[in-house]
Amino acid sequence: MQETPPVALITGASRGIGRGIAVELARHGWSVAINYAGNQEAARECHRLCAQARPSGSSASFEIIQADVSQTGDRARLLDSVLKRFGWVHLLVNNAGVAPAVRADLLESSEESFDRLLAINLKGPYFLTQMVAKFWASRAAEFQSSPRKPKIVIVSSVSAYAPSPNRGEYCVSKAGLSMITKLFAVRLAKFGILVYEVRPGVIATEMTEPVKEKYDRLIAEGLTPIERWGTPTDVGQAVVAIAEGRLGFSTGEVINVDGGFHLRRL
């Protein structure tokens, strides 16, 4: 009898890093709930790529679900939709995030931009994780004997520790995600739920396209020991390693996917 594919819920999965994660999980036989906030066409393209990547003979399936993670009602509807469609969720990937609409100097940045980024990048993951964790905790007996226990991945950024004074609100939101990882790792370990932070560096996506020339130059000048841009696939492969249980004695861990940017060099 064919094993039922495990299920991943990925926020902000329609484009960029989220799409890379979705496709890599699909490539390894996972069913994926593809969450998006506004770009339905991009979500459909992600669905197509997941179906294309699915292994031959796999029964993995893919569901597109619109929801804005910054909104309380949308978060509840998102989880409810996943459970109605798949019956369970094995992996939560908090990936949804936005950059400032305008890069503004720290002394000039607006409260409106700060509120927007903190709502999407930080409040959304915090309370969605809380919601999913409470669902799992209430049903802990159902997975205690299972080799595939629930896992949470929080996608942050090197901006969690590397300050950019022209996008301070973004850095603050990513630093907050690092603490969310630690908090939930401590709180959920007793249930067998493991929590990880995946910390991408300079990744080639639509978000970084406006600064491509800048980072082309910096990478050529030695910004990272691995002298290339990262890709969404690089991040997706790291998430697959976590999802498949290859870090079973780790929780609260930071997985750097940054070409070595985090290394201090003399």
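These numbers come from a predicted model, not from an experiment.
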Closer than 4.0 angstrom, basic N to acidic O: yes or no for E41 and R44?
no
Is there a donor in the side chain of T205 and an acceptor in the side chain of R19, or the other way round, less than 3.5 Å apart?
no
Please go through L106's hydrophobic cluster and name the other residues, only I, L, V, M, F, W, Y counting, with side-chain heavy atoms under 4.5 Å joining them.
none
Within the distance-only criterion (no hydrogens, no angle test), does the side chain of W136 pair as donor or acceptor with the backbone N or O of V89 below 3.5 angstrom?
yes
If we ignore hydrogens and angles and just use 3.5 Å, is the side chain of N35 paired with the main-chain N or O of G12 as donor and acceptor?
yes
Could you please spell out the steps behind the side chain to side chain donor-acceptor pair (under 3.5 Å) verdict for S159 and R167?
CA-CA 10 Å; S159 293; R167 51 182 189 137; 3.0 Å; yes
By ring-ring contact (aromatic ring centres under 6.0 Å, His included), which residues pair with F135, not counting sequence neighbours?
W88
Is it true that a side-chain atom of S146 and a backbone atom of K149 form a donor plus acceptor pair closer than 3.5 Å?
no
With T11, which residues qualify under side chain to side chain donor-acceptor pair (under 3.5 Å), at least two apart?
none
Would the distance check show the side chain of D115 and the main-chain N or O of E112 forming a donor-acceptor pair, the cut-off being under 3.5 Å?
no
Does a donor on one side chain and an acceptor on the other come within less than 3.5 Å for R85 and S61?
yes
Output side-chain donor-acceptor pairs under 3.5 Å for residues 213-223, partner residues at least two apart or in another chain, one line each.
residue, atom, partner, partner atom, Å
D216, OD1, W229, NE1, 2.7
D216, OD2, K212, NZ, 2.8

With clusters built from Ile, Leu, Val, Met, Phe, Trp and Tyr whose side-chain heavy atoms come within less than 4.5 Å, directly or transitively, what are the remaining members of the cluster of M179, listed by chain and number?
L183
Any salt bridge between D80 and R77, counting N to O under 4.0 Å?
no
Side-chain heavy atoms under 4.5 Å apart, restricted to Ile/Leu/Val/Met/Phe/Trp/Tyr: what other residues fall into the cluster of V23, or is it alone?
L49
Quick check against the 3.5 Å criterion: does R75 have a side-chain atom that pairs as donor or acceptor with the backbone of V69?
yes
